[in-house]
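Written below as structure tokens is the structure these notes are about.
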Amino acid sequence: MQPVATTFFFYLLAGLAVLGGVLVITRRNAVHSALALILTLLSLAGLYLMLYAPFVAGVQIILYAGGIMVLFLFVIMLVSIEKSQKEEQFNKLWLVGLLAAIALGGLFIGVYVKGKALFPEAKVVLEEGNNTQGIADYLYGHYLFTFEIASLLLLVAIIGAVVMAKKRI
Amino acid sequence: MPDFLTAYLQSNVTPGEAGSAFWALIYVLIVFAGISVAVMAMNWLERKALAHFQIRLGPMRVGPHGLLQPIADAIKLLTKEDIVPSAADKFVFWLAPLIILCASFTTYIVVPFGRAHAITDLNIGILFMLGVSSLSVLGVVMAGWASNSHYPLLGALRSSAQMVSYEIAMGLAVVSAVLMTSLNPSGTGTLSMIGIVQAQEAQQTWFVFKFFPLGFIALGVFAIAMVAETNRAPFDLPEAESELTAGFHTEYSGLRWSLFMLGEYAAMIAVSSIAVTLWLGGWLRPFPHWLAGQSWDLVFSLFPGLLFLGLAAIAFVGVGRMPKHPYFKIQTAGLAGFGAVLGLIGVVLFIPPVRDRVQDIFWFIAKVAVFMYLYIWYRATFPRYRFDQLMKVGWKVLLPVALGVLLLTAVAGILF
């Protein structure tokens, strides 16, 4: 199928992602911030789809938008919003934040200006129909060891969380 | 008929594959309208069947045997006052029902009603369905929080805990079915909904009968988890009336509440169609290999028409049994008209091109209807679980069973 209005959808999704990101840090209400973060994550999933990576998009929706953000909301919901809105934030790290923003912005501008030299020109031909199978081949073939190490790391984190949360096992 | 219409009707691919935005739009409209009508029909059927389970008559007043009750309900809901609590978070309160509705309707993009009757076929079909339907938890949480009231908040907490826990058992059961699709010479499985049904066609068995009883247990785990996932009895704790009024949608009224209902029933149909696609052969007719051959094909292709003729016959029996009082004149005429329409549809379904085209849709919907009836049956039969029992069933029974089935399926797949 020929792509329809690709540029339009790219700018729409990118704009939504940026808008969501800005809302996350400007809203005072934590629940609104979390919802804006969900907007960002969903538009990122749309961008993955546009890159012919449906599996990554699906995992993005299941894990981040459907899983992690639900847990975020779950915790935030139980916090008294009125109280946290009135309280003043005490860790003001303007200088560090500014430095980090300048560094990241400089990096982005650098990539934008020198992008042609840094990245390969040729477009990769991606087979949309075999995306999942391709990822599986890489994960369980070429990168099996790394994959297993990552899963071990997650297992350690889960056991650690249980040990810390439960008084008596 | 214009050329592009006939050309498409003779092809055997989905609009997504054909790359036709026009047909995709038509399919989206048909599916959206069809699901909305199915939800209304399900609403009527649920009230009627529940009533008969409890030896009552159920709705009888609006139309013959209450057939027009869903329409009356819809008018009532649309004209009701739309109340927004003054302490509610207006925007989130407004957004929550829309999220639930969008999440449950978006899943229908990949539901394969037939080889050519899906809006599109995604490479990640089943993953997409699970992912998008898991977004409805967000709607539940948002509705509960935005109402700014105790019952909805507790209901939303319960509901999201329940949905998140049962999603895991559900996912593992799905994985064991996906594993079965890879048991072919090439050794490559598929996540695409159409591909899964085609794998069952190629392996000449529905996955529910594959490696008996492994497929059957996986379907059982899924069938239990899907009831919990859609918050229906006996897992309808979020809406336990005696404890939480109506759970997360206590503060909603009128149109917004009806959006929740629409989303819930659409999600029920969606998860039922996952079960049908994964284990019950999707659009394949019963016994495609055992009773193969042209004459059997013909016999099975007559079923849709016969069903509608049977419904028409029931409607006409109803006409005969209507009270003869002049007061019931309009109702009797209406029922006769309804029967005539059903009979006409039945006759149209016998025309050979229509018959061939409609067959797969019919078998898919028939299998989904079984699950929808089971939902009503559960609701009439089982008492509600307590919350700790619910969590125990989810984590200590369904999850280990699903994991065991997955491992055994993998072993069986290597051995046989």
Side-chain angles (χ1 to χ4, degrees), chain A residues 1-5 23 27-39 41-42 45-46 48-49 52-82 85 126-137 140, chain B residues 13-21 24 87 89 91-92 95-96 99 103 106 110 120-142 144-146 148 152-154 156-157 159-161 163-164 167-168 171 178 182 186-192 195:
Chain A
M1 187 179 176
Q2 281 297 310
V4 187
L23 285 178
R27 295 290 95 192
R28 285 209 77 108
N29 191 330
V31 172
H32 290 177
S33 294
L35 293 179
L37 190 53
I38 291 170
L39 177 70
L41 293 171
L42 286 181
Y48 293 147
L49 266 187
Y52 293 99
F55 183 78
V56 184
V59 168
Q60 167 95 356
I61 293 177
I62 289 188
L63 283 188
Y64 287 94
I68 292 180
M69 288 318 293
V70 169
L71 294 181
F72 270 38
L73 275 176
F74 213 92
V75 175
I76 296 172
M77 259 185 5
L78 300 175
V79 177
S80 169
I81 294 293
E82 287 85 18
Q85 268 178 331
L126 295 160
E127 264 190 285
E128 192 188 358
N130 285 324
N131 182 257
T132 315
Q133 287 88 337
I135 287 180
D137 274 347
Y140 294 103
Chain B
V13 289
T14 61
E17 268 172 281
S20 147
D89 189 314
F91 178 67
V92 182
L95 196 61
I99 287 194
T106 310
V110 290
T120 188
D121 183 30
L122 289 181
N123 177 238
I124 51 160
I126 181 68
L127 201 64
F128 177 85
M129 280 202 87
L130 290 180
V132 173
S133 59
S134 75
L135 287 184
S136 64
V137 187
L138 285 176
V140 170
V141 172
M142 282 161 67
W145 177 78
N148 206 349
L153 188 66
L154 286 173
L157 279 178
S159 182
S160 42
M163 285 161 104
V164 170
E167 223 160 58
I168 300 167
V178 170
S182 69
S186 77
T188 316
T190 178
L191 290 174
S192 124

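Chain letters run A, B, ... following the sequence lines, proteins first and then strands; every chain starts at 1.
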Residues 68-76 of chain A side chain polar contacts: donor-acceptor under 3.5 Å, at least two apart:
none

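When all heavy atoms of Pro54(A) and Ile124(B) are compared, the pair lying nearest together is O-CD1, 3.2 Å. What you find for Asp89(B) and Asn29(A) is that their closest heavy atoms are OD2-ND2, 3.7 Å.
For Leu63(A), no part sits under 4.5 Å from any heavy atom of chain B, backbone or side chain. Looking at Val141(B), the atoms closer than 4.5 Å to chain A (heavy atoms on both sides) sit in the backbone and in the side chain alike. Both the backbone and the side chain of Leu157(B) come within less than 4.5 Å of a heavy atom of chain A. For Asp121(B), no part sits under 4.5 Å from any heavy atom of chain A, backbone or side chain. When heavy atoms are compared at a cutoff of 4.5 Å, Met163(B) does not approach chain A at all.
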- Message: Working note: Met142(B) + Val31(A), criterion side chain to side chain contact (heavy atoms under 4.5 Å, CB included); need CA distance, chi angles, decisive distance, verdict.
- Response: CA-CA 9 Å; Met142(B) 282 161 67; Val31(A) 172; 5.8 Å; no
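A distance of 9.0 Å separates CD1 of Ile61(A) from CG of Leu127(B), quoted to the nearest 0.5 Å.
By the side chain to side chain contact (heavy atoms under 4.5 Å, CB included) test, Thr190(B) pairs with Thr181(B), Ser192(B), Ile196(B), sequence neighbours left out.
Between chain A and the options Leu130(B), Val92(B), Leu135(B), Val137(B), the largest number of non-hydrogen pairs under 4.5 Å is found for Leu135(B).
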